[in-house]
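Here the structure is laid out as C-alpha cells; the discussion comes afterwards.
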Amino acid sequence: MTTNLRETAARLLAEGTVQLVLGWERGTLPLRTTPLFAREPGEAGRLVYDPTCDQNLAGYLGRVKEERVALIARPCEARALVEQVRENRIDRDRVLAIGLPCSGRISRSALASRLTGRVIREGRLAADRLVVAGDDWREEFPWTEVLDPVCRGCRLPDPGIYWAAPEGAVPPEGDRFAEFDRRRSLSPEQRRDEFRQAAERCLACYACRQACPMCSCAECITDRTAPAWLGPAADPSDTMLFHLVRAMHLAGRCVDCGACARACPVGVDLRHLHLALEREGSERFDHCPGLDPASRPLVGGFRPDDREEFIL
Amino acid sequence: MKDSPALAVFLTCDQVPRVLAASAGRGSTWVAAGRGEESGFVPYRPGLCLAREAGPTRHTLKALFFPRAEVLFGYEIVDGVPRLHPACSPDRPAVVFGARPCDARALVLLDPVFEEPPHVDGLWGGRRQAITLVGMGCERPGPACFCPAVGGDPLGEEGLDVLMVPVEGGYVVRPLTERGRAWTEPLELPAARPDQEAAAEATAARARERLGAPPAVDLQAALGRHFEHPLWDRLHERCLGCAACTYLCPTCHCFDVGDEDGRRWRRWDSCMFPTFTLHASGHNPRTGGKERMRQRLMHKFCYYPERRGRPACVGCGRCVEICPANLDLRSVLAQLEGVQA
C-alpha cells in the first residue's frame, strides 16, 4: 500500500497534476509520524501510512499556497475536507483526495497507559502486531488493544469526495460514544465537576484548536482584546468558556476525528462536548457532518419540518 | 553558595518514603510524581507515585516559581486615592524532591531574567531563595532528551542543592551546598561505600554514552546569519501555532499582564500566539507562523546566548515529546546548522 501511495504521489508531482502532496512521514520518536509536505517527486518516497499517522492533515489545506494539492485522506481527512468545501473554505477542484483504507489508529495515550509509563525506545508494526521495547523489556500485542477510542465504530460511508477512493477498509468495531454515554449516566453535578477538573488541567495552549481541521476562525474569541472575553486570571471558568464556545462553533461541523484530544499535551479530552452536539444534530435534525458537500449547515439551515417543540 | 564537597551518603529505595516524610515534617516538600501527561511537581503525601522512569515530568519546575497565573498586587481607590495591596502569595515549597538536572538548570537560566537589577521581580527571587532542590540524576535519558547538546549533563549539578544518583538498590546522595547538607544530615544516612560511588560513576557514564557528545557547531552564529534564509518558509510549515511547546518549556518565561476586579494579574503568554506582538494600532510586526516560530528559536539559541553566553534551552525534550506534529526542535536546528551561507 505504501509503495502504491509513494508511486502515485511521485507521479502526480512529476506530471504536474499537483504541486504539493500532503501526507505523513516517519517522525523522530518511536511510533510517531510527522506531516510531510512533498513538492518534488523524490520526496514522495518518504511517505508512510499506518496506524501511527495520528494528525488530521486536512487542517493544513487552508495554510498552503499551492494551486493544486493532493491530500492523503482517510475518512477523517475526507470528512473534514467535505466540511471545508461545504463552507467554501476550500475549492473542491483544488484538492485531490487520495483515499486510503483505514482500520483505525493507535492512541499514544492508551499505549502509555498500557505500558504503565515505561519509556519506549523502539516500536514497530508488524502486520496487526505492535512490537514495543524499552531498556529491559519487550512486549508484543495486537495494536488494536491501543486503538484510539475515536476510531471505535467509525463511520465509514464514502464521503464522495475522493479522487481515488479507498478499498478494503475494515472499520474497527465498537462504539465511539461509549465514554460519552458513561458521562451521560452521571448527575449534572458530577459532569460539571469532571468538566471543571479538565478545565483546571487545561493550560490554554490551544493545541486542540490548532490541530482541529474545522477550527477555521481567522480570529478566535480568545484572541479578541477589545473586549477581552477571557480574563487575565486563567480561571477555570474562562477555560470552560473557551471549550464551550469551541464546541458550539463546531456544532454540526465536527467530524469527530479526535485530533483535539490527541494534540493535548496534558491529556485533556473534551470530545464528549462535541459528541453531545453531534448526537443532538443527528437525532433531532438527521444531520451527519462530513458526508455531503451540498448539505446545509446544521446551525444555519432551516426546514419547515424541523422539530420545534422546544419553542414555547 | 557552593563550597567544599560533603560526604556522599546512601539511600535505599525502601527508605525514600521515610526520607520524604521526614522532609515534609520539616517544611513543605514537593515531589516529582505521576505518570506521562499528568506528571509534575505536587505536594508530598504518603503513598504518592513518584516519577522514576526516564526523562523529566510533563509539567515543569518553573511553574512553582512562575505560576501560570498569579496576582501581582491588588488595588482600590478610596476617596479618590489609589491604594495598593501586596499580593498574598500561596504556599510554596521549601523542598523540591526529584527535579531533574535539566529542571534545575532551567531555573538558573531564568534567575537573571527575573532578578537581575535594575528590574528585580521579587516574586521569583523570593521563592527561589526559600528552596532546597533535591535533584534526581538521569540514569536512562529518554529518546527526546538532548541535554549535552545545550551544555547540560544527565548528572549535572548546576542549580541543585543535592544530587541523587540512581544505582542498583538505591541512590548515592551528594549534598552540593550548605542548604543541601542541612537537608541531608538530619536523615542520618550511612556514608556511601566505594563500590556504591563506583556504581554512581557507572550510571553517569552509561547515561552520557546514551546521549552522545554535543555537536561542534556554533549554532548562535549560524542562526544569526540565516535570519532571512528561505529554509524558514519550509521549517515552520508543520508547526500548528499552538503554545504547547512554550507553556511546557522549562525556560520559556514570557507573560502578559492584565487587570480584573481590583487585582493585577500576570499570566503565561506565548510568542506562538498572534496576539503576543499585536500592537494597539492593530499592526502586528510578526505577520505569520514563520515569524513566530523563528522568534521562538532565535530567542532561545541566538538572542539569549548573545546576552548570557549560553542557550536558553536545557535539552529536556518536552517540546519534542508533546508537539502534536512531532516538529522536532533537534532536527530543525540541525537543518539550520547545515545551511551553507
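Chain identifiers are assigned alphabetically (A, B, ...) following the order of the sequence lines, protein sequences preceding nucleic acid strands; residue numbering begins at 1 within each chain. Worth knowing before you read on, the calculation uses all heavy atoms, side chains too, and leaves out hydrogens, waters and symmetry mates. Since the structure is predicted, the reported quantities are computational estimates derived from the model, not experimental observations.
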Table please: side-chain donor-acceptor pairs of residues 32-40 of chain B below 3.5 Å, with sequence neighbours left out.
unit_1, atom_1, unit_2, atom_2, d
B:R35, NE, A:T116, O, 3.4
B:S39, OG, B:G36, O, 2.7
B:S39, OG, B:R58, N, 2.8

Could you tell me which portion of A:Y60 (side chain, backbone, both or neither) has an atom closer than 4.5 angstrom to a non-hydrogen atom of chain B? side chain

If I measure from the heavy atoms of chain B, does A:A207 come under 4.5 Å with its side chain, its backbone, both, or neither? both

At a 4.5 Å cut-off on heavy atoms, which part of B:R318 comes close to chain A: side chain, backbone, both, or neither? neither

CG on B:L333 to CZ on B:F301, rounded to 0.5 Å: 5.0 Å

Highest number of heavy-atom pairs under 4.5 Å with chain B: which of A:A112, A:A233, A:G27? A:A233

Counting only heavy atoms closer than 4.5 Å, note whether B:C323 contacts chain A via side chain, backbone, both or neither. backbone

Most heavy-atom pairs under 4.5 angstrom with chain B, which of A:G267, A:P265, A:A226? A:P265

Heavy-atom pairs under 4.5 Å with chain B: which of A:L29, A:D223, A:D235, A:T225 has the most? A:L29

All salt bridge (Lys or Arg N to Asp or Glu O under 4.0 Å) counterparts of B:E321, not counting sequence neighbours: none

Counting only heavy atoms closer than 4.5 Å, note whether A:A259 contacts chain B via side chain, backbone, both or neither. neither

Residues passing the salt bridge (Lys or Arg N to Asp or Glu O under 4.0 Å) test with B:D233, sequence neighbours excluded, are B:K290

Report which part of A:R108 has an atom under 4.5 Å of a heavy atom belonging to chain B: side chain, backbone, both, or neither. side chain

Let's test your reading of the structure: which of B:R263, B:R264, B:H59, B:R234 forms the most heavy-atom pairs below 4.5 Å with chain A? B:R234

Can you tell me which portion of A:R63 sits under 4.5 Å from chain B's heavy atoms? Options are side chain, backbone, both or neither. side chain

Neighbours of chain B found in residues 35-52 of chain A - heavy atoms under 4.5 Å: A:P35, A:F37, A:R39

Checking the side chain of A:R89 only, and the main-chain atoms of A:S216 only, is there a donor and an acceptor separated by less than 3.5 Å? no

Working note: A:R121 + B:R210, criterion side chain to side chain contact (heavy atoms under 4.5 Å, CB included); need CA distance, chi angles, decisive distance, verdict. CA-CA 12 Å; A:R121 303 279 174 190; B:R210 172 166 264 164; 3.2 Å; yes

What residue in B:D328, B:L240, B:V71, B:L248 has the most heavy-atom pairs under 4.5 Å with chain A? B:L240

